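Presented below is the structure to which this report refers.
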Amino acid sequence: MRDLYIYNSLSSKKEKFVPNQQGHVGMYVCGPTVYSNVHVGNVRTFMSFDMVYRYLLHLGYKVRYVRNITDAGHLENDADDGEDRIAKKAHLEKIEPMEVVQRYTVDFHNTLNRFNFLTPSIEPTATGHIIEQIEIIKQILEKGFAYEVNGSVYFDVLKYNQENNYGELSGRKIEDLIHNTRTLDGQSDKKNPQDFALWKRADPQHIMRWPSPWGIGFPGWHLECTAMSTKYLGKNFDIHGGGMDLKFPHHECEIAQAEICNGNSPVNTWMHANMLTLNGQKMAKSTGNFILPNDFFTGESKHLSKSFSAGCVRFFILQAHYRSVLDFSNDALLASEKGYNKLMESIRILETLNSSLKTSDFNIEAWKESCYNAMNDDFNSPILIAELFSVVKFINQVKDGTSTVSKEDLDLITSTLNIFVFDVLGLQNMNQGANQYKEKLKDTVELLIKMRAEARINKDFELSDKIRIQLDEIGIQLKDSKDGTIFKID
RNA sequence: GGUCUCGUGGCCGAGUGGCUAGGCAGUGGUCUGCAAAACCAUCUACAUCAGUUCGAAUCUGAUCGAGACCUCCA
């Protein structure tokens, strides 16, 4: 099998992926701050890494996939009086911060489950790692790269930059940062605006508070990822992922903290998933320009003309490369839905195909290789999907009798499609989950098909059309072919 | 204002110095009692201008336009 190449944000190049430990991969992905429902943009990022995780697993790697839950420390802004997002929500709703965390963590998991996500190996929380975070702050203070002011501790970015390169990931120069930093009110505690908080003093009214050597307070946002990635994946690990918008300053700060604390660059391959836009603008909670996953299922949104299945949405998202901006629109989703249904339908047809002695001009081995080549080239799911459609066409040709397939190749198509459609892309198999009702429904529809066929033989087209049209209205579509009639349920 | 990315046919989206992904929509055909589905064929492209090259949508420069980050954000 060929090598896997991944685009590394740190070098801005596609690089051959070689894990630290042969056969094992450590991957950390920045998870959500659980202060509100995840929107579709959030889902896209996590889906990108779900696909990465799935493909690495398929390649046979033992992957430790860590995706955190931020349940403390994420401030509204960087000013001294910046409010913790969770605490703010708790104030507003007059409930405990941990009730906020619980509510939206559950929502997060429910949403991802509907989109058929695999569960990460570890899903640690910031509040569960306060001790580890305090230990890191101590080390950074000891090494002289942080300073304490009024019960808060800040990372000294300018000092760090003397020996290291702050901005190496996002391609920024410290001089530009200094020059361009907007002055915010209430930043008096910091020596420089570029410095970032490792620990913040908690005001008496601040409800999220922990004791520390510097007084009662709470950890800074960037710190949790360093603490948890180091704890579970080590001082140097293979892949760190997150949304493009976290590249600066969040990931830059993570690198700085780890460099000082551990003495080396923490991550070999940085991966950044691009934004999902709506009306050409980034989907963001703060601007109100977003749609929630549930809107797809109900269809009740000004942006949607109808409801869409989770599988269809998943297909829509994976039809774009994870590093490209994807613009969401109802029309694009409608087009994807048709393509998705066509793909799924062909998988169903595949089960009914008869093999013959040999396969006519379709090279299954070469096709399979093309699928792997697509994924090995920086997880190019759109190319993979294009390849899948080439076999969809072939399947339909065999069904129509214009092509033939050998038993061996039929098995190879089936196994390869199962790998890429279900294991790698994570598209749900609508054939699965069969139950007694489904079986009975099938028998019922087949009875109607038989009745319609009889009506057609008797040229009673009024009755035959009535059966077909009324079934269609229910959402059951009949498809005639030379070999008889099959049906499809939307 | 600074840094970066992008601008592909009716829509969405790959790709790349010569061999014109794919899906959806359109058109013609096969099939059908009529349809639908499927299959076959087919039409729309590479923002603009200039340069490099035997050859550029792909490289370079300029222009215009869009977006991301610089402040919380997946």
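Here the structure is a predicted model, which is why all the values come from computation and not from measurement. Chain A is the first sequence line, chain B the second, and so forth, proteins listed ahead of strands; every chain is numbered from 1. All heavy atoms count here, side chains included; hydrogens, waters and symmetry mates do not.
Taking the P atoms as reference points, B:rU30 lies 29 Å from B:rU20, given to the whole Å. Using atom C1' as the reference point in both B:rU27 and B:rG17, the two lie 34 Å apart (nearest Å). Between B:rG15 and B:rG22, the two C1' atoms lie 11 Å apart (nearest whole Å). The gap from the P atom of B:rA35 to that of B:rG23 amounts to 25 Å, rounded to the nearest Å.
Note on A:I349: nothing from the nucleic acid sits closer than 4.0 angstrom, heavy atoms only. Counting any heavy atom pair closer than 4.0 Å across all strands shown, A:D327 reaches sugar-phosphate atoms only and no base atom. No engagement by A:R44 is indicated, since no non-hydrogen atom pair under 4.0 Å with the nucleic acid exists.
By the side chain to side chain donor-acceptor pair (under 3.5 Å) test, A:H109 is found to be paired with A:E123, residues two or more places apart in sequence or in another chain being considered. Residues passing the salt bridge (Lys or Arg N to Asp or Glu O under 4.0 Å) test with A:D465, sequence neighbours excluded: A:R468. When the side chain to side chain donor-acceptor pair (under 3.5 Å) test is applied to A:T359, the partners found at least two apart in sequence or on another chain are A:S406, A:D409. Among residues two or more places apart in sequence or in another chain, the side chain to side chain contact (heavy atoms under 4.5 Å, CB included) test is passed with A:K479 by A:E345, A:Q477, A:I486, A:K488. Listed by chain and number, the residues in a side chain to side chain donor-acceptor pair (under 3.5 Å) with A:S229 amount to none (sequence neighbours excluded). Partners of A:N373 by side chain to side chain donor-acceptor pair (under 3.5 Å), not counting sequence neighbours, listed by chain and number: A:R2.
Taking the six-membered ring for Trp, A:H222 and A:H251 have ring centres at least 6.0 Å apart.
Taking only side-chain atoms of A:D400, from C-beta outward, the nucleotide of B:rA36, B:rC39, B:rG33 with the closest atom is B:rC39. Looking at the side chain of A:N380, the nearest of the listed nucleotides B:rC39, B:rG33, B:rA14 is B:rA14.
Of the two residues contacting RNA chain B, namely A:T277 and A:S324, the nearest-nucleotide position lying further toward the 5' end is that of A:S324. Both A:A320 and A:V43 lie near RNA chain B, and the one whose nearest nucleotide falls closer to the 5' end is A:A320.
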Dot-bracket summary - RNA chain B, pairs being Watson-Crick or G-U whose distances fall under 3.5 Å, with | when paired to another strand: (((((((..(((.....[...))).(((((.......)))))....(((((..]....))))))))))))....
Distances for protein N/O vs nucleotides 19-23 of chain B N/O pairs under 3.5 angstrom?
none

Nucleotide N/O of nucleotides 3-9 of chain B paired with protein N/O under 3.5 Å:
none

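Taking side-chain N and O atoms only, A:Q477 has no distance below 4.0 Å to OP1 or OP2 of B:rA37.
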Determine all donor-acceptor pairs shorter than 3.5 Å in which one atom belongs to a side chain in residues 388-400 of chain A; sequence neighbours excluded.
from   : atom 1 : to     : atom 2 : distance (Å)
A:S390 : OG     : A:E387 : O      : 2.6
A:N396 : ND2    : A:V392 : O      : 3.3
A:Q397 : OE1    : A:S403 : OG     : 3.3

Name each donor-acceptor pair under 3.5 Å that joins a side chain in residues 237-249 of chain A to protein atoms two or more places apart or in another chain, with its distance.
from   : atom 1 : to     : atom 2 : distance (Å)
A:D238 : OD1    : A:N20  : N      : 2.8
A:D238 : OD2    : A:G26  : N      : 2.9
A:D245 : OD2    : A:K282 : NZ     : 3.3

Pairs of donor and acceptor atoms involving the side chains of residues 313-323 of chain A, under 3.5 Å and at least two apart or interchain, shall be tabulated with distances.
from   : atom 1 : to     : atom 2 : distance (Å)
A:R314 : NE     : A:L425 : O      : 2.7
A:R314 : NE     : A:G426 : O      : 3.3
A:R314 : NH1    : A:D50  : OD2    : 3.3
A:R314 : NH1    : A:F115 : O      : 2.8
A:R314 : NH2    : A:D50  : OD2    : 2.7
A:R314 : NH2    : A:L425 : O      : 3.0
A:Q319 : OE1    : A:S336 : OG     : 2.8
A:H321 : NE2    : A:D378 : OD2    : 3.4
A:Y322 : OH     : A:D378 : OD1    : 2.7
A:Y322 : OH     : A:D378 : OD2    : 3.4
A:R323 : NE     : A:D378 : OD2    : 2.7
A:R323 : NH2    : A:D378 : OD2    : 2.9

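Counting distance only, with no hydrogens placed and no angle test, the side-chain atoms of A:R468 and the base atoms of B:rA36 include no donor-acceptor pair under 3.5 Å.
A cation-pi contact, defined as under 6.0 Å to the ring centre and within 45° of the axis, is absent between A:K190 and A:F155.
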